[in-house]
Amino acid sequence: MSVNTSHKLDTFTCSWCGLVVSTYAADGARRNHCPSCLRSQHVLDQIEGGPSDCGARMSPISIAVLRGGEWMLVHRCVRCDELTANPICADDNQLVLMRIAVRPLAEPPFPLETFGSL
Ligand SMILES: [Zn+2]
Ligand SMILES: [Zn+2]
């Protein structure tokens, strides 16, 4: 992907925490979520040609790890429940990322003691 410097000036304002975010990360990657609170917005370019770009806010619900080890952040739209996955950026809030990643382990739907008796 070539880096177009004119894009560096694009910004959007996070509708959750109010942070003014540069649309392109330092390495030129397109950014779709806020690096501070990691929340996003359901807009047209989220999924190209997607059926329901409703403009509502999207919450980060989990981390998906690709075969190469790359982390994807999974968002769910609060209005239409559409799911999207986007690569994380180098300057994303790592504490929030870790919280999302360990959430299922911190709140297992079954008692962990079961593993001791297997
Ligand atoms: Zn934010
Ligand atoms: Zn939506």
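One-based numbering, in listed order, for ligands and for the atoms of each.
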| field | Of the N, O or S atoms in H42, the one nearest the Zn ion (ligand 2) | value | ND1

| query | What's the SG-the Zn ion (ligand 2)-SG angle here (C80, C77), rounded to 10 degrees? | reply | 100°

| said: Rounded to the nearest 10°, what angle sits at the Zn ion (ligand 1) between SG of C17 and SG of C34? | reply: 110°

| Is there a path of hydrophobic side-chain contacts, each under 4.5 Å between heavy atoms of I, L, V, M, F, W or Y residues, that connects M58 with I63? | no

| query | In terms of side-chain geometry, is the basic nitrogen of R30 or D10 positioned less than 4.0 Å from the acidic oxygen of its partner? | reply | no

| Is a side-chain N or O of R39 found less than 3.5 angstrom from the main chain of C14, in a donor-acceptor match? | no

| Just how far is it from atom SG of C34 to atom CZ of R57, taken to the nearest 0.5 Å? | 12.0 Å

| How about C14: does one of its N, O or S atoms come closer than 2.8 Å to the Zn ion (ligand 1)? | yes

